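Working notes, beginning with the structure itself.
Values in this document were obtained by computation on a predicted structure and should not be read as measured data. Here is the naming used below: chain letters follow the sequence lines, and residue numbers restart at 1 for every chain.
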Amino acid sequence: MTDKATAAGELTDIGNKRYFGEGLLRWYRKERRDLPWRRSRNPYHIWVSEIMLQQTRVDTVIPYFNRFVGRFPTLRHLAEAPEDDVLKHWEGLGYYSRARNLQAAAREVVEHYGGEVPRGKAEVSGLKGVGPYTTGAILSIAYDQPEPAVDGNVMRVLSRYFCLEDDIARPATRVAMESLAQSLIPEGQAADFNQALMELGAMVCTPKSPSCPVCPVGEHCEGRLQGRERELPVKTKAKKARPVFRLAALIEGTGAYAGKVLVRQRPETGLLAQMWELPHIEAPDEEIWNRLDEGAGLLEAALAEDGVRVKASNEVVGEAQHIFTHLVWKIKVLGAAALEERYVADRTGYRWIGPEEFENYAWPNVFRKLLTEYFLLVRRG
DNA sequence: AATTCGGGGCC
DNA sequence: GGCCCAGAATT
């Protein structure tokens with residue numbers, strides 16, 4: 001190995017590769033965390049865990065995983081469950097298309113593979129929500145096939161160990177890393193090796209301050225030897241989230257609907273797909289968002305388009321902010337009254353709900369918070 | 001190759 | 001505030 005950074009595709013140092021795999025495996029077998037999805041080789045459990053773990057930390061996933069496999073113990077249970085039930089078990093976990101795709105894929109497996117997670121690479125990678133990483137993870141962890149499973153942890157570890165300066169934000173880099181990672185898998189030990197690589201990234205070779213002194217492969221880590229572990233991996237920065245200004249309506253029921261609020265379900269696809277929310281609009285810009293009389297008028301007009309006739313006030317009864325990866329919702333909630341209360345779910349996706357129905361629906365955090373506050377307030381009078 | 005998809009934990 | 005996380009789908 002030269003003292004120059006190497007490109008991921010050009011590594012031929014076989015001796016160093018063997019040292020890496022064996023050292024890592026020894027360490028992993030001693031230090032591996034006891035995680036719920038590591039207690040069996042149930043391919044369905046492995047699969048569910050891998051979907052949940054996409055862009056999501058282990059500590060966050062654990063309670064969701066336990067609840068999910070408790071409620072949907074087998075792939076068939078998941079396939080046959082109501083979609084809203086699946087989404088409810090995903091509430092708060094984020095990236096909700098994962099839940100939708102997971103169930104769709106479970107149904108595919110029942111339909112085409114007799115209810116058993118297939119063993120073929122083409123079959124697995126063809127399932128909805130299963131990309132290159134998850135394909136490798138399922139095949140290696142559940143079936144011990146020598147497929148790479150390259151995630152953010154793995155790219156960080158390999159970038160440092162081999163001192164690679166490839167930008168890990170580029171798809172081409174991931175492809176190169178997959179070849180490298182596959183060449184590192186010790187014969188017959190794909191399951192443990194792939195998990196070891198990720199475990200090292202999560203526990204030792206962490207993003208900010210890696211624990212090189214206790215690293216099982218630190219002696220031959222090129223990045224560390226060159227004192228460059230903190231500069232690696234190279235990654236182009238993400239763009240900043242753009243603000244979006246929104247006006248929501250808190251429409252309180254009266255008479256037979258007293259104590260209830262009018263809510264609606266979001267579309268099947270896209271942002272927060274199929275989740276429930278307060279009816280709201282995007283303000284044309286920040287100025288209009290601040291002019292509440294004008295905002296109330298726009299809100300009324302938009303709801304009227306859905307056949308929902310309300311009178312919106314210019315009184316802000318709640319305010320919230322919701323941060324996504326690529327945008328920030330700034331929400332003002334205006335008080336509103338229904339002019340006609342016979343809105344039904346079947347026709348427009350709108351529905352009156354009270355505190356007793358609240359928990360039967362799946363909410364994005366921001367609306368869960370707003371509605372919880374409201375129902376508490378009402379209960380106190 | 002870029003953008004769209006959540007939410008939380010850490011600095 | 002920014003950064004990262006056991007990424008995938010869409011354009």
Side-chain angles (χ1 to χ4, degrees), chain A residues 32-33 35-38 46-65 87 90-102 104-105 124-138 140-142 147-157 167-175 177-178 181 191 193-203 205-210 230 233 235-244 266-275 321-329 362-369:
Chain A
R32 70 195 289 249
R33 286 171 290 177
L35 303 174
W37 47 89
R38 284 184 179 162
I46 306 287
W47 180 13
V48 170
S49 75
E50 291 301 342
I51 300 297
M52 287 188 170
L53 286 162
Q54 289 169 6
Q55 296 293 285
T56 312
R57 292 171 191 286
V58 166
D59 290 340
T60 304
V61 166
I62 289 173
Y64 281 91
F65 175 83
L87 185 60
W90 213 271
E91 183 188 42
L93 197 55
Y95 289 141
Y96 299 100
S97 293
R98 292 184 295 176
R100 180 182 166 80
N101 288 337
L102 177 58
V124 172
S125 69
L127 297 171
K128 282 186 178 153
V130 179
Y133 162 75
T134 307
T135 299
I138 292 172
S140 63
I141 299 172
E147 294 292 335
V150 174
D151 69 341
N153 285 313
V154 173
M155 289 199 280
R156 182 172 60 256
V157 170
D167 179 357
I168 65 168
R170 291 175 49 231
T173 300
R174 197 210 72 232
V175 172
M177 292 268 185
E178 283 170 347
F193 175 77
N194 281 348
Q195 292 183 84
L197 209 41
M198 294 186 274
E199 190 88 344
L200 188 74
M203 306 303 290
C205 196
T206 53
K208 298 287 182 181
S209 53
R230 283 167 185 272
K235 186 180 184 183
T236 56
K237 289 176 207 151
K239 288 200 302 191
K240 205 164 68 167
R242 113 188 109 84
V244 175
R266 296 179 58 81
E268 294 258 310
T269 58
L271 187 66
L272 302 173
Q274 292 177 287
M275 309 273 297
Q321 179 167 284
H322 197 50
I323 302 172
F324 299 88
T325 302
H326 58 300
L327 47 85
V328 180
W329 279 2
W363 308 96
N365 277 6
V366 65
F367 292 115
R368 159 168 289 279
K369 213 166 293 179

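- A:Leu327 comes within 4.0 angstrom of nothing in the nucleic acid, heavy atoms only.
- With contacts defined as side-chain heavy-atom distances shorter than 4.5 Å, the pair A:Gln321/A:Val328 qualifies.
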Grab the N/O contacts between the protein and nucleotides 9-11 of chain B below 3.5 Å, and write none if there aren't any.
none

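- Using a 4.0 Å heavy-atom criterion, one finds that A:Arg242 contacts no nucleic acid atom at all.
- Residue contacts for A:Arg266: at a heavy-atom cut-off of 4.0 Å it reaches no nucleic acid atom on any strand shown.
- Rounded to whole angstrom, the span from the CZ atom of A:Phe367 across to the P atom of B:dG7 amounts to 11 Å.
- A:Ile141 places a side-chain heavy atom less than 4.5 Å from the side chain of A:Gln195.
- The CZ atom of A:Arg98 sits 14 Å away from the C1' atom of B:dT4 (whole-angstrom rounding).
- Contact annotation for A:Leu35: base contact, defined as any heavy-atom pair under 4.0 Å involving a base atom.
- Contacts of A:Phe324 with the nucleic acid, taken as non-hydrogen atoms under 4.0 Å apart, involve only primed sugar atoms and P, OP1 or OP2.
- In this structure, CG of A:Asn101 is placed 14 Å from P of B:dC5, rounded to the nearest angstrom.
- Counting only heavy atoms from C-beta outward, the side chains of A:Gln55 and A:Tyr95 approach each other to under 4.5 Å.
- One can place CE of A:Met155 at 12 Å from C1' of C:dC4, the figure rounded to the nearest angstrom.
- Base contact: A:Thr325 has a heavy atom under 4.0 Å from a base atom.
- Summarising the geometry, the separation between CZ on A:Arg100 and P on C:dA8 is reported as 19 Å, rounded to the nearest angstrom.
- Here A:Gly270 lies in heavy-atom contact (under 4.0 Å) with sugar-phosphate atoms only.
- No engagement by A:Val61 is indicated, since no non-hydrogen atom pair under 4.0 Å with the nucleic acid exists.
- The closest side-chain heavy-atom distance from A:Leu102 to A:Trp90 is below 4.5 Å.
- With contacts defined as side-chain heavy-atom distances shorter than 4.5 Å, the pair A:Val130/A:Glu50 does not qualify.
- The aromatic rings of A:Trp329 and A:His322 lie tilted to each other, with the angle between the two planes from 30° to 60°.
- At a threshold of 4.0 angstrom between heavy atoms, the contacts of A:Thr134 are confined to the sugar-phosphate backbone, with no base atom among them.
- By the 4.5 Å heavy-atom criterion applied to side chains, A:Met177 and A:Val154 are not counted as neighbours.
- Regarding contacts with the backbone of C:dG7, every side-chain N or O of A:Gln54 stays at 4.0 angstrom or more from both OP1 and OP2.
- One N or O on the side chain of A:Thr135 and one on the backbone of A:Gly131 form a donor-acceptor pair closer than 3.5 Å.
- At a threshold of 4.5 Å between non-hydrogen side-chain atoms, the residues A:Ile62 and A:Trp37 count as touching.
- Of the two residues near DNA chain C, A:Thr236 and A:Lys128, the one whose nearest nucleotide lies more 5' is A:Thr236.
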Identify all pairs in which a protein N or O lies below 3.5 Å from an N or O of nucleotides 1-3 of chain B, and state each distance.
unit_1: B:dT3; atom_1: OP1; unit_2: A:Lys239; atom_2: NZ; d: 3.1

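- Judged by distance alone, the side chain of A:Arg174 and the main-chain N or O of A:Pro132 form no donor-acceptor pair under 3.5 Å.
- Partners of A:Glu199 according to the salt bridge (Lys or Arg N to Asp or Glu O under 4.0 Å) rule, which considers only residues two or more places apart in sequence or in another chain, are A:Arg33, A:Arg38.
- Residue contacts shown for A:Trp37 include a base, since a base heavy atom lies under 4.0 Å away.
- Nearest nucleotide to the A:Tyr95 side chain, out of C:dC4, B:dC5, C:dA6: B:dC5.
- Residue A:Ile46 contributes atom CD1, which lies 12 Å from atom C1' of C:dA6 at whole-angstrom precision.
- Between the side chain of A:Thr56 and the base of B:dG6 there is at least one donor-acceptor pair of N/O atoms closer than 3.5 Å.
- Taking atom CD1 on A:Ile138 and atom C1' on C:dA6, their separation rounds to 12 Å, with Å as the unit.
- A residue-by-residue look at A:Lys237 and A:Asp151 shows that A:Lys237 has its nearest nucleotide of DNA chain C further toward the 5' end.
- Side-chain proximity of A:His322 to the nucleotides C:dC5, B:dG7, C:dG2 is greatest for B:dG7.
- For A:Met52 and B:dG8, the CE to C1' distance is 16 Å, given to the nearest whole Å.
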Query - Step-by-step side-chain hydrogen bond (donor to acceptor under 3.5 Å, both in side chains) determination, A:Asn153 to A:Arg156 - result: CA-CA 5 Å; A:Asn153 285 313; A:Arg156 182 172 60 256; 2.7 Å; yes
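- Annotation: C:dA6 and B:dT3 have their P atoms spaced 24 Å apart (nearest Å).
- Proximity note for A:His326 (side chain, C-beta onward) versus B:dC5, B:dG7, C:dC4: the nearest is B:dC5.
- If you check C:dA6, C:dG2, B:dG6 against the side chain of A:Asn153, the one that comes closest is C:dA6.
- Nucleotides C:dT11 and B:dG6 are separated by 16 Å at their P atoms, to the nearest Å.
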